[in-house]
Amino acid sequence: MKKTIKLLSIASVAALTLTMGSCTDFLTIYPTDKVVLEDFWKDKADVNGMVMNCYKNLVSDAFVKRVFVYGELRSDDVIETTNIGTDLKYINNANLLATNGYCDWSIYYKIINNCNIVLHFAPNVLEEDPDFTQGDYNVVRGEMLAMRALCHFYLVRAFRDVPLLKEAKIDDSQDLHTAQSTPLEALDFILEDLDEAEHLVLPSGAYPNELYNKGRFTADAVRAIRADVLLWKAAFTQFKNKSDGSDCKEFYAACIKDCEQIIADRKQYLIDWNKKYNVGKQQEAVGTDPADALVASYPLETHPINRATASVHDETYVKIFADKNDRKESILELQLDEDNNHNQAICAFYGYSETQTNMPFTASSYLGKEGTDDNVLYKKTDARRVSFTNQHGNEEDVFPIAKYTTRSTSVGGTNQDGRPEYFPSRDNGSYSWQNVILYRITDVMLMEAEARALRADSASNDLNEAFKLVKAVYYRSNKVSKVSRNDSIKYSEGSAASLQELVLKERQRELCFEGKRWFDLVRMALRDGTTNNMLNVMVPHKYETNQSAIKSKMASIDALFFPIHETVLKTDTMLVQNPVWVKEDVYSKK
Amino acid sequence: MKQVKYILAAVLCLLTTGAFAQTSRISGNVSDDMGPLMMVNVVEINKDNRIVEAATTDFDGNFVMVVRDTKDKLKITYVGYKDVILDIGTRTVFNVKMKDDNVIDEVTIIAEKRNETNGLDILDREVSVAKQKFSMSEMEGLSFASVDEALQGQIAGLDIVFNSGDLGSGTQMRLRGTSTITGNAEPLIVVNDNIFEMPTEEKGNFDFSTANEESFAQLLTVNPDDIESIEVLKDASACAIWGSRGANGVIMIKTKRGSRGKTQVSYSYRFSQSWMPKGLNLLNGDDYTMLLKESHFNPTQSSTASNAQELNYNPTFSEYENFNNNTDWVKAISTNGFTHDHNVNLTGGGDRAQFRISGGYYHQTGTVIEQRLDRFSTRMALDYFVSDRIKVAADFSLTYTNNDQNYSGLLSTAQVIMPNMSIYAQDPQGNDTEDFYIMRQTASSIFDGNQKSRINPVAVGKQAWKNNKSYRITPQISLDYKLLGLERDETQLRYYGMVNMDAATTSNDDYFPNSLSTQGWLNTDVNKSSNSDDKSLSFTTRHRLTFTPHFNNEKHYFTLMGQFEMRIGSSSNQSASSHGIPHGIFSPTTGSYLTGSSTGTGQWRSAAMSFSAVYSYMGGRYSATATLRRDGSTRFGKAHKWGNFPGLSLRWNIIDEPWMKWSEKYLSMLSLRTGVGITGSQPGSEYLHYTTYSNNGRYIDQSAIQQGGLRLTDLRWAKKTEYNIGTDLGFFEDRLTADINVYRNVTSDQLMGNYAIPNYNGYTSLAYRNTGAVSNHGWELRVDGNRFVKLGKDLTMSCYVNVGQNFNRILEMEESVLNSQNEDYNFNNNTYLGRIQVGNPLGSFYGFRYLGVYEYSYKNWEKALAKMDDPEYTPSRIVAHDANDNPIYGASCPIAYDEEGKVIYGANGKPLQMVFGYEEGDQIYRFRGGDAVYEDINHDGNINELDIVYLGNSNPDAQGGFGVSLFYKRLQLKTQFTYRYGVDVVNQARSDVENMHTNDNQSIAVNWRWRKEGDVTVIPRALYNTGYNFLGCDRYVEDASYIRFSYLQLSYSFDAQKLKKYGLNSLYLSGSANNLFIWTNYTGLDPEIAVGGWGRASDGAKTPRSRSYTLALTIGF
């Protein structure tokens, strides 16, 4: 009896130990439709797929829409129509509520975290897959750092004080709270990323697929972002130190260096490209006009329909925006397409049908109207006005945006006003497949001009250099007689302030609707230390009524930045809201 | 295949080697007084009563056989004769004379009530945990589709609420309150020791907050007629044996098995007729058109807005005849429901085998047209006693249900669709044609908002359909082996092992024909069909050793159980839906526009070990039970895969103490019980602890792979700790029994689903996170009087009462969780601010306080104030409260009052006008005459979020049931009542038919609406799509306390002796009236409202529980 019990107890203890061990295996099941971490990060394809996913998010609706909402909507490039929705309307009228959907910054952090994940895991693949070489890894690392920098950079420009996400978030045991950094801390971190990335990513033109040369981060793209970041660093430094800008010279020097490098690279890239594809000489002959020679000395696309007879119109911008990936102009261009990644933002914001109705905003009449006085941006000779804006049917003062929406231009055809016919893109219903250009050559040239104009002192040649850059950009789109050309662009010789004003204006003329203008204005306000000048430049062009109310809403520099969305504030009580948008908690219930 | 290994091991353990035995050849003859008996069973049985050899007698009563062992015995059995057992020994010839079985010697039966607790079979009087048993025989003659309906009001502390009166819509059950915030709060259902879950729940990713009614109707697959008894485990020390599954309590169902005796056949039939109680009185067509004209006129004060030809009764209008009616839509979709419930069962058995086979067919039609539920069920239970030591049991059950449902809720449409519209299209003479009338898309634009989208409910009922079919097959085989002693006075060791398979398929189909839509052919609603199929298969195996040593000192009793259990299963599902299918075809995969298709698979595994021990001393005077369950789950990462769930309970039978001897006369039981236990719960989805990767489209020409959400390495079991103290009382030989339980439980480490994290981490939420704690405390009382009143010789009375009271409280919660769950007020009509606050219960409503309707517009403020000053005027209306909450009476006009109850005057000498604030300032709404008055709690003249107050809570203060039964000879009269007290419900249905904000039909209450200055009424003016007349406020928060007279039943069972001559064993007749009456102040159709998200209950015009009567007949052969 006793023996039996003893035996049984031994047996049961043995059985239990046995089952305990194998039970943990028994209790491990894997998903059938997904790969788990343990089986991932094994080969080059895994890394590549994850990198592509970062890009995929970069072309997501949320990201692309924010390019325009953060960079464009609040500027004097656009005015609202009656079709503007609540969220956009509030932004346009400087009523920024923390509940506004566009205050949601999650897409940037999603991309940043995806980049961090690749940065975290990709080194392991070096050991796992011999096909994944150190060289491959370097490129991946460079691209991820650059993309992370770009996203952080957008956040700083839109929200100013933001948390920096430096580590990959993979599981719930990590600390999920990060404090905000000051803009200068953030920009320094961004610069670190970019400095490292510059030497890792491929140089422009190195990709065999031409789309990758534009659609992925190349060395020139990294430098372009860095040049931009440096301008902001200078602006924030000047704001912080309440200085006259003399403490920012090193940033401008670095910015100029980057821009020069890009322009030089780009020229070389074109030579290489021509060689590679056996194009020989450029087909367009450079005229005897010194202005043409100036334009031709930069890698600028020129494409007049008929150089002899054309009044104002040429096809340059159709080449750049509709034909996509213009090899001279574009440096970083998000690749959207008809099949996988539609561009819904363009349709939603700039309109899509031939008649362009229902779009929430249009070009302000300051951009749409032609003339010679100061109330219009473009002179009569400027091809960009008709390239960037349309006229809406018979309504004289409504100017739908033509940039990005123009798909083709009919050669020789004119409308009743005698203007060449443009056809806005008519894409498949609610989406378009236009690319979005983040940086192109004229942007870089004008950044250099801005840096030079700001650095200029009596001793340097900066003003002349800067003016040359501005002229090159301007002449490309103003193909009329020499006389009028000389009339149309000038600044008070020796006055840096006058040249700064000219650069700002030229940037608007060239880069309007590309998500640049608002940031240019904010930079100016930061340098000034006050929003006064900036508002005086902008408000009269944008708002017909309530100008003083708008000005008082944006009297504080803080008001130029977006509030943090309330869902984030709710989940992180330590986060500090932009002081102008702090809403007192109205709930106090029992 | 791992489980096979364990099963094999278990079987090997059982193999014992037999000793060599001596064989012998024997022969003999069997006869009775009349001569030789043919076909008599002659068997050799060993010491365990196991049959080792068998023979039968021939025509002359002779038999020959070889016996295996001469130590065995010879057993001779024949129907109608007494068994004969003889030693074999050296004897080789056996001539046996058998005796008639008619003479029965005196038999003494000692019965002890025994009870299965924590996997152990122990005496009732030693049960130390909180539980309650319910015998289904109490429900004989009543008609239930599923057993939860029968349980309502029967178990103290178990709150059962019907989801709706639609067929097969199931119930919502809460045992001792809700202790989880986002997880499943339903108690675990266990049928014959097997967890009874629908595959959809098991495979995870089951969202309980959006679960539809079908998912709660799982009990439909158990025929109530097959149920023997139900036991509800209430406290954690009882539920700990179910570990992670038992956190919400356990409902254990035991089905009937065969019993020894003559084979008996019984057939029962129940017939019921049911109908819907009278609902809201709605406007007829004439009143409706009048109202609509007014509501469209009011906002703009312009008659063009209200000039819709559908409302004009203009005979030149081409559709005039279709819009000049007074249609009672609710009546048109209502019907009488019928239930036919047939059950046959066959039960019987002898020494060796006992069986029960049953078959049931249940057919029910609903109280709303075109609802039909059919169920066919069969269950077989076979117990085969191989010997005294070994028992093999086989069980098999199959249930098929076919539920024809309405495509969409007909009643909710019928209540709001235009009553001046006709059901059938009418010809120019006003006669109905055969076609249903559906409002054209070309109808007036004022109907764009809603009436055009409302589809004729009669037509939807007749032409569109939705069908749910399910098959469920659960075979089971088990083995019971007594390894050591057989008798009580020996040391016993018992092995029990079983394998259970559960195979289920469900399919859902629906179809929506183009005849119901006036949209174009390409509309996705036209000829739409969808189909989804789910199938699942799961295996459970369980092995248990029970050890009961025998002590020489019989004061000690001890028993110990160890059990190992594993579950494994998989499921797959697919669905497809498409539209634009050719007429007459219902398959979504025929050439048409595919709107969606999906497939999916699921798998699950679990393992658990449990141990329990019971010790009792002095015949149960003191007893203790301890349990421990170790649960393994696939849903946690390595560190937290296993959870331990212990329970301990003690009982002291005070009545057994010698110093209680004096009370013997009155008291039959007095005990004190106490217990503590921990149960747990796991998250609703699998694979949470993995980082997963899946495809995500492309960029340029390369495919992208995305990483899934943050993996949860830190996720732990939610733990519920419960303390219970109880007492059992018995008076007059247990004729009157009572038990009282007081409990408190705390569920900490709550599994908060979709836990919001700062989105700068790249993710907006974690799938789950352990956070927060909720407590429930309360008490239950049950009193049972079993024929405890004797009135005269034959008349006796039984009664029972039970009451349960539970208090729920959120103990702790992270601020970020509170912040992200508590939405901001959105200034819209019809929304109740949901808030969870630490220290408050779940399920609270917040909103405005409603004070009536402004009699005067602001421009008439002088008139209103003058009226108050008029000594003739008797102030009857409260217009505000002062700081001390004293009411201020007066004629109401939209002006502000300060804290002292004085009118606030502005700088211009005029009173401050009440406004409805909107923070950005561009949409201020100024109140005027006829608008709803909301109390300005902070006296700032602005109704905004600062005026929101607590309005109520959906947790019942108390609930339970009671009943009285009278017995007179063979006649029985039974009544049952259920009640819930102190429940607040948002009467959404009433708000929908009183708001006059849309084109929906309204109730007749709106005929009392405010129409002109000075009108005193509580119904605001009609205002189409404007104004704030139905903000979330206490006007619609109603007390849904009720007492329901569940049934009144009269039954008679005939005397078996008298039936014999008709060849019957038993005959039982009964008639009952169900849901006879309901006492309530609730103004909706039915105060029984299930709670939704965050525990708040809102009544959205669900089909009410029907009234019915049932006639039942049971015959035994």
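Letters A, B, ... mirror the listed sequences (proteins, then strands); counts begin at 1.
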Do [X] and [Y] make a side-chain contact, defined as non-hydrogen atoms from C-beta onward lying under 4.5 Å apart?
X	Y	value
B/T692	A/Y30	no
B/Y760	A/L575	yes
B/L710	A/D171	no
A/Y212	B/D701	yes
A/I170	B/R711	yes
A/H177	B/P758	yes

Engaged part of [X] at the chain B interface, taking heavy atoms whose separation is under 4.5 Å:
X	result
A/I117	side chain
A/D104	side chain
A/E167	neither
A/I107	neither
A/F40	side chain
A/D39	neither
A/T573	side chain

- Message: If only side-chain N and O atoms count, and only distance matters, is there a donor-acceptor pair under 3.5 Å linking B/Y755 with A/D172?
- Response: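 Note: A/D172 and B/Y755 side chains miss the donor-acceptor criterion.
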
- Please check if any side-chain donor atom of B/Y699 sits under 3.5 Å from a side-chain acceptor atom of A/N57, or the reverse.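 Judged by distance alone, the side chains do not pair up.
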
Which atoms of [X] are under 4.5 Å from chain A, going by heavy atoms: the side chain, the backbone, both sets, or neither?
X	result
B/L766	side chain
B/T713	both
B/Y763	side chain
B/N822	backbone

- Determine whether more than 12 heavy atoms belonging to other residues, nucleotides or ligands lie under 6.0 Å from atom CD of A/Q174.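 For A/Q174, atom CD is crowded (more than 12 foreign heavy atoms under 6.0 Å).
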
- Query: Does B/R542 CZ have over 12 foreign heavy atoms under 6.0 Å away?
  - Reply: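 Count over threshold, so yes.
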
- Message: Looking at B/G697, is its backbone amide N or carbonyl O close enough to the side chain of A/K56 to form a donor-acceptor pair, meaning the two atoms are under 3.5 Å apart?
- Response: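 A pair under 3.5 Å: no.
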
- Query: What class does the angle between the rings of A/W41 and B/Y693 fall in, given that below 30° is parallel, 30 to 60° is tilted and above 60° is perpendicular?
  - Reply: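 Because their plane-to-plane angle is over 60°, the rings of A/W41 and B/Y693 count as perpendicular.
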
